[in-house]
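Structure record follows, encoded as structure tokens.
So you know, we letter chains A, B, ... as the sequences are listed, proteins then strands, and number each from 1.
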Number of protein chains: 4
Amino acid sequence: MAVKPHKAMRKPRADSVRNRERLLAAAADVFRTGGAEASLEAVARRAGVGIGTLYRHFPTRDALFEAVYRREVEQLSELAEALALADDPVVALREWLRAGIRLVATKRGALKALALAVDSSSDVYAFSQANLTRAAGLLLQRAMAAKRIRDDVTADDLLHVLIGISLMGKETGSEEKVSRLVDIFVDGLLE
Amino acid sequence: MAVKPHKAMRKPRADSVRNRERLLAAAADVFRTGGAEASLEAVARRAGVGIGTLYRHFPTRDALFEAVYRREVEQLSELAEALALADDPVVALREWLRAGIRLVATKRGALKALALAVDSSSDVYAFSQANLTRAAGLLLQRAMAAKRIRDDVTADDLLHVLIGISLMGKETGSEEKVSRLVDIFVDGLLE
Amino acid sequence: MAVKPHKAMRKPRADSVRNRERLLAAAADVFRTGGAEASLEAVARRAGVGIGTLYRHFPTRDALFEAVYRREVEQLSELAEALALADDPVVALREWLRAGIRLVATKRGALKALALAVDSSSDVYAFSQANLTRAAGLLLQRAMAAKRIRDDVTADDLLHVLIGISLMGKETGSEEKVSRLVDIFVDGLLE
Amino acid sequence: MAVKPHKAMRKPRADSVRNRERLLAAAADVFRTGGAEASLEAVARRAGVGIGTLYRHFPTRDALFEAVYRREVEQLSELAEALALADDPVVALREWLRAGIRLVATKRGALKALALAVDSSSDVYAFSQANLTRAAGLLLQRAMAAKRIRDDVTADDLLHVLIGISLMGKETGSEEKVSRLVDIFVDGLLE
DNA sequence: GATGAATGAGGTTTCATTCAT
DNA sequence: GATGAATGAAACCTCATTCAT
């Protein structure tokens, strides 16, 4: 039987849970449409809750941001794990970059969050930082172990390239250009 | 006989010229530190002029932005012309990217402008668009003519890479990482 | 069974009500002293609330204006109803004009609103338009029915006179002059 | 031979005179279109001169205002003089009010100036104050001397009525209503 | 005298954040 | 817990006015 802490973590109220979900969905929406500087009131409004409720759930803008973006991070790292099982580690790498870019492309808000996770020292992003680095590292190590790519590249580099190319890919019809850039970059990685 | 405009352009006041310069410098500074959404009042403050003066010189944020960023563009394209004279076109390419990134790194404001110039259709940026494409094209053509690099890369791609890597390089001490990324990318370009 | 709106109107916060009152009082004051273009910040300041609070209650200057002025209109039309019970309809008319002018004189802000209500086609003022016309018509009809005054005067005319004389009476110590003008005008009305 | 003051009043420069005229015309225009609070820069712009020039000619807004409006005042008082020669002093009175109202109706800016001249104590308006009072007095005295109207009305009252009815007459199609109001008022004046 | 640049006060408006209910 | 009102800092922008040329 589990030890019970002095102050029991009580089951959260049903509406509290629902509100949290709504806020996350609303935030994803609003950040996607209005960019990462969109007003928190807009988020609350769209979620159909009071601004106070937003603040209770996410005391800072960053906290909300992180929560929204944690989902993307998780998808990205699950993808890495899946691809790590592929036959060709270079193909896996290429695929991961492409998929990652595609993912980010559909969620505008995520981009800045991604960038923050890599760049910033804010510990709100520690989780994502770790998670993403692990995912990228996984793929790199496999490729390096197979002596297929140069060994002076770090997981961090890979993340930066992902972000960089994503940042570029905001144009219309950039799909094919992005693809070419990924190719060039991966070609540059080859031994 | 010199062409004379209908209403002769009177000699600009000394302080007007000085203020314009100061504003541009201040804007470059402020945009670098605070991003492209930094407040115009901060710019005026740093330039040591009244907010009204800023507005007289640059009636909209975009006007200021464009003016600041025209300088970077000009520097960048002059650099391309200089490097076009170098012996090794691949080295020239590498150098241009590095220098470009370094340039942008010191003037963060320019980055967004750069991105806009490439991405957006706003005709404020038509000048830069043209200018930069020409510069990048110059270097690419030389390298392609020498059969040193693959021929499916466009000037536009190069610009995107420049922007992309710049966007990544916002951390401190990224100098060496950026350098590595440029290398990887240029390696990918080689035939 | 009482009609219940879909989303029940929760009891307003005590301070909210208080602030609304204060704002209306302050606005009346400030508009009276400073005219209708007085700054909204001045209104907030005098009400002792933050400027944001003013904006929450009255999102536009017109909204505030209308709210302030609705009171005057109501007072004015209640007065007409009271006077309609007087013995002499001409005396009632005279009294109403005098009282109306006095009322307006103490609330200068209302003056422009009054003018707007009669002149403009803005539907914000439709309510007042109707209300005032009804009030003036009440008095006129009684006097006409008694064959005491000429019958080519309309409620609208009466309102215009009220406004006109009020507009004149901005000087200090005009009490007696205004009184004389009302007399002259009412004399002109007599059959 | 005239005494020559120590500092001779030299003949004004031709362009100075021209600018003054232009400014007056521009101001009349701008005040009519944009109301009395229109910006002085707009006036200068329309006159095609620098803002500094405007200030040299009219050091305060009031000074400009007064200069523009002096013309109307003069017309109004000339009219009074002309009408003083008419046979029927009551008709003259009626006519003067009507004409005055018509005059003001075509020059929006003038209205406020008129009101100021009567209401304010600003000595910029002393000239107009005097001029108008004289004009109104002329007509009143004739009518009183002929025992046609009550004797407790002052020139000041008459001016107020003129202003008041003008202020009312901003609606469209008010021509006929204004006319009726003037009639009523003049009827009220009759002995 | 004419010009138009410089200045800054002051108005408007928006939001992040706190707090009363 | 949820709600939304209150708050004020801060941005934007527009002139009136002064002053350098």
Heavy atoms of A/R20 and A/A67 approach each other most closely as NH2-CB, 4.5 Å
Taken to the nearest whole Å, CZ/D/R20 to P/E/dA2 is 12 Å
Any side-chain N or O of A/N19 less than 4.0 Å from the OP1 or OP2 oxygen of F/dA2? yes
Judged by nearest nucleotide, the residue sitting upstream toward the 5' end of DNA chain E, A/A42 or C/A14, is A/A42
### Query
Taking OP1 and OP2 of E/dT17, is either one under 4.0 Å from a side-chain nitrogen or oxygen of A/R61?
no
So the stems of DNA chain E, runs of at least three Watson-Crick or G-U pairs (under 3.5 Å), are E:2-21 with F:2-21
For A/S128 and A/E66 the tightest heavy-atom approach is OG-OE2, 3.3 Å
Per nearest nucleotide of DNA chain E, the residue lying toward the 5' end, C/D15 or A/P59, is A/P59
Separation of F/dT3 atom P from A/L40 atom CG, nearest Å, is 16 Å
In whole angstroms, the gap separating P of E/dT17 from CG of A/L64 amounts to 12 Å
Check your understanding: Under 4.0 Å: is that the gap between some side-chain N or O of C/H57 and OP1 or OP2 of F/dA6?
Key -> yes
Rounded to whole Å, OH of D/Y55 lies from P of E/dG1 at a distance of 20 Å
Validation: residues 21-30 of chain A side-chain donor-acceptor distances under 3.5 Å, sequence neighbours left out:
unit_1 : atom_1 : unit_2 : atom_2 : d
A/E21  : OE1    : A/R71  : NH2    : 3.3
A/D29  : OD1    : A/R32  : NH2    : 2.8
A/D29  : OD2    : A/R46  : NH1    : 2.3

dist B/L40:CG -> B/F58:CZ (nearest 0.5 Å) comes out at 11.0 Å
*asked:* Is there a side-chain contact between B/R13 and the phosphate of E/dA6, meaning an N or O under 4.0 Å from OP1 or OP2?
replied: no
When rounded to the nearest 0.5 Å, the distance separating OG of D/S16 from CZ of D/R56 is 8.0 Å
| task | Scan C/I51 against the nucleic acid and name what it touches under 4.0 Å (heavy atoms): base, sugar-phosphate only, or nothing. | result | base
Taken to the nearest 0.5 Å, the spacing of B/H57 NE2 from B/L64 CG works out to 11.0 Å
(Q) Using a heavy-atom cut-off of 4.0 Å across all strands, would you classify B/T53 as base, sugar-phosphate, or nothing? (A) base
Side-chain contact check for A/S39: nearest option of E/dG11, F/dC12, E/dA16 is E/dA16
Inset, instruction - Determine, for C/R70 against C/E74, whether the closest basic-nitrogen to carboxylate-oxygen distance falls under 4.0 angstrom. - result: no
Out of F/dA16, E/dA6, E/dT3, minimum distance to the side chain of B/S16 belongs to E/dA6
Worked check of side chain to side chain contact (heavy atoms under 4.5 Å, CB included) between B/D15 and B/R18
CA-CA 5 Å; B/D15 54 352; B/R18 185 165 26 83; 3.2 Å; yes
Note: for A/R56 and D/G52 on DNA chain F, the residue whose nearest nucleotide lies more 5' is A/R56
Atom CD of C/E37 and atom C1' of F/dC15 are separated, to the nearest Å, by 15 Å
D/E21 atom CD is separated from E/dA2 atom P, nearest whole Å, by 13 Å
D/R45 atom CZ is separated from E/dT3 atom P, nearest whole Å, by 15 Å
Exercise. What about B/E41, does its side chain sit under 3.5 Å from the base of F/dC13 through a donor-acceptor pair?
Worked result: yes
From CZ of A/F58 across to P of E/dT17 the rounded distance in Å is 15 Å
